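For reference, the structure is listed below as structure tokens.
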Amino acid sequence: MSTVTLRVFRGDAQGGTLQEYSVEAQEGMVVLDAVHQIQATQAPDLACRWNCKAGKCGSCGAEVNGKPKLMCMTRLDELDMSQPITVRPMKTFRVIRDLATDVSWNYKVNERITPFTPAPDTDWRMRQEDVDRVQEFRKCIECFLCQNVCHVLREHDEKEGFVGPRFLVRVAGLEMHPLDTADRLPLLKEAWGIGYCNITKCCTEVCPEEIRITDNAIIPLKERVVDEYYDPVLAFFRRLFGA
Ligand code: SF4
Ligand code: F3S
Ligand code: FES
């Protein structure tokens, strides 16, 4: 057992400071355990959101030593325990209190996504390859770490013009479903702002479900938009036939 120092953000949307706490680290402990120990022994009013402690509910996202992480899946012994470990709330979203942020903007974005629109009366039979293609996208636990780290949402205040990587993952899962009939390309190009993504891949790096957000979701969607709106051959025929 050793003593570890955590510097935890205490405050709200108006501001706050990092407060230092000492924690008795035990083998296998994760950052969320340390936060719970602080709540139990030193700061019962420290606010943080969590639920499953198994990396599946997506609630416990925070910035640990400046990196977006699930606190319940980040072991203390992965970090340099000889130095203070900083724990801050996700920067992209408004702080409610301490480590709890207001992620409700994401749920409003979710309502804007055209839902699954299956073809009526089809006799299509799903094959394993159809399932495999979209299965990766269904693994999302809505932790919003990708939304937090994407510079378009984080620094440029483009929140209304860009839905962010989490929702491009959802759109990819719908667009690549063989039974879906909705046309989401006009919305992807305009209201959902896929053009803002410049493929930095930061979202992919932080995804705890290891979804290849950029390569498997965003780039194929960008290609569909380009094919539809910017293909010079198609544009030529459209001009020729007035389509
Ligand atoms: Fe979290 Fe990955 Fe889903 Fe983004 S895509 S919300 S990082 S699980
Ligand atoms: Fe943002 Fe991911 Fe694109 S981090 S810029 S959505 S590649
Ligand atoms: Fe559920 Fe961390 S508590 S993902």
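Counting starts at 1 for both ligands and their atoms, following the listed order. Predicted, not measured: the structure shown is a model, and the values here were computed from it.
- When hydrogens are left out, the protein atom nearest atom 7 (S) of ligand 2 is Lys201 N, 3.2 Å; that is the closest non-hydrogen contact.
- Numbered from 1 in the order shown, with element, the atoms of ligand 3 that lie under 4.0 Å from a heavy atom of Cys52 read 1 (Fe), 3 (S), 4 (S).
- Near Thr214, meaning under 4.0 Å from any of its heavy atoms, are these atoms of ligand 2: 7 (S).
- For ligand 3, the atoms lying closer than 4.0 Å to a non-hydrogen atom of Cys72 are 2 (Fe), 3 (S), 4 (S).
- Heavy-atom contacts of Asn51 reach the following atoms of ligand 3: 3 (S) (cutoff under 4.0 Å).
- Here Ile199 has backbone heavy atoms under 4.0 Å from ligand 2, and that is the only part of it that gets that close.
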Evaluate the salt bridge (Lys or Arg N to Asp or Glu O under 4.0 Å) criterion for residues Arg212 and Asp215: first the C-alpha distance (whole Å), next the side-chain angles of each, then the deciding distance (0.1 Å), finally the verdict. CA-CA 6 Å; Arg212 295 178 66 199; Asp215 288 350; 3.2 Å; yes

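- Using a 4.5 Å heavy-atom cutoff, the side chains of Arg184 and Lys189 are not in contact.
- Closest to atom 1 (Fe) of ligand 2 among all protein heavy atoms lies Cys150 SG, 2.3 Å.
- Residue-ligand proximity, Ile218 to ligand 2, at heavy-atom distances under 4.0 Å covers atoms 6 (S).
- Neither the backbone nor the side chain of Thr204 has a heavy atom within less than 4.0 Å of ligand 2.
- Considering only non-hydrogen protein atoms, atom 4 (S) of ligand 3 sits nearest to Gly58 N, 3.3 Å.
- Rounding to the nearest 0.5 Å places CD1 of Ile219 at 8.0 Å from SG of Cys197.
- Around atom 3 (Fe) of ligand 1, protein atoms of type N, O or S found under 2.8 Å number 1.
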Worked verdict on Asp45 versus Arg97 for salt bridge (Lys or Arg N to Asp or Glu O under 4.0 Å): CA-CA 10 Å; Asp45 60 342; Arg97 214 181 79 202; 5.0 Å; no

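- Under the 4.5 Å side-chain contact rule for hydrophobic residues, Leu32 and Met81 share a cluster.
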Salt bridge (Lys or Arg N to Asp or Glu O under 4.0 Å) evaluation trace for Arg170 with Glu175: CA-CA 9 Å; Arg170 179 166 175 227; Glu175 285 288 301; over 6 Å; no

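- Ring geometry, Phe144 versus Tyr107: the interplanar angle exceeds 60°, so the pair is classed perpendicular (tilted spans 30 to 60°).
- The shortest heavy-atom contact between Thr86 and Gly66 is OG1-N, 4.2 Å.
- Within 6.0 Å of the CD atom in Gln128, the count of heavy atoms belonging to other residues, nucleotides or ligands exceeds 12.
- Checking Asn106 against Arg166 by side-chain atom types alone, no donor-acceptor pair falls below 3.5 Å.
- Close approach of ligand 3 to Cys60 (heavy-atom distance below 4.0 Å) involves ligand atoms 2 (Fe), 3 (S), 4 (S).
- By heavy-atom distance, the residue among Pro165, Gly164, Cys146, Cys197 lying nearest atom 3 (Fe) of ligand 2 is Cys197.
- Atom 2 (Fe) of ligand 2 has an N, O or S atom of Cys203 under 2.8 Å away, backbone or side chain.
- With values rounded to the nearest 0.5 angstrom, Leu221 atom CG is found 4.5 Å from Ile194 atom CD1.
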Going through the checks in order, is the salt bridge (Lys or Arg N to Asp or Glu O under 4.0 Å) test met by Lys91 and Glu63? CA-CA 8 Å; Lys91 184 183 165 191; Glu63 297 191 5; over 6 Å; no

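- For the residues Cys57, Gly55, Cys48, the heavy atom positioned nearest atom 1 (Fe) of ligand 3 is part of Cys57.
- With a 4.0 Å cut-off on non-hydrogen atoms, Lys56 touches ligand 3 through its backbone and not its side chain.
- For atom 3 (S) of ligand 3, the closest non-hydrogen atom on the protein side is Lys53 N, 3.1 Å.
- Looking only at atom types and distance, the side chain of Asn198 has a donor-acceptor partner in the side chain of His151 under 3.5 Å away.
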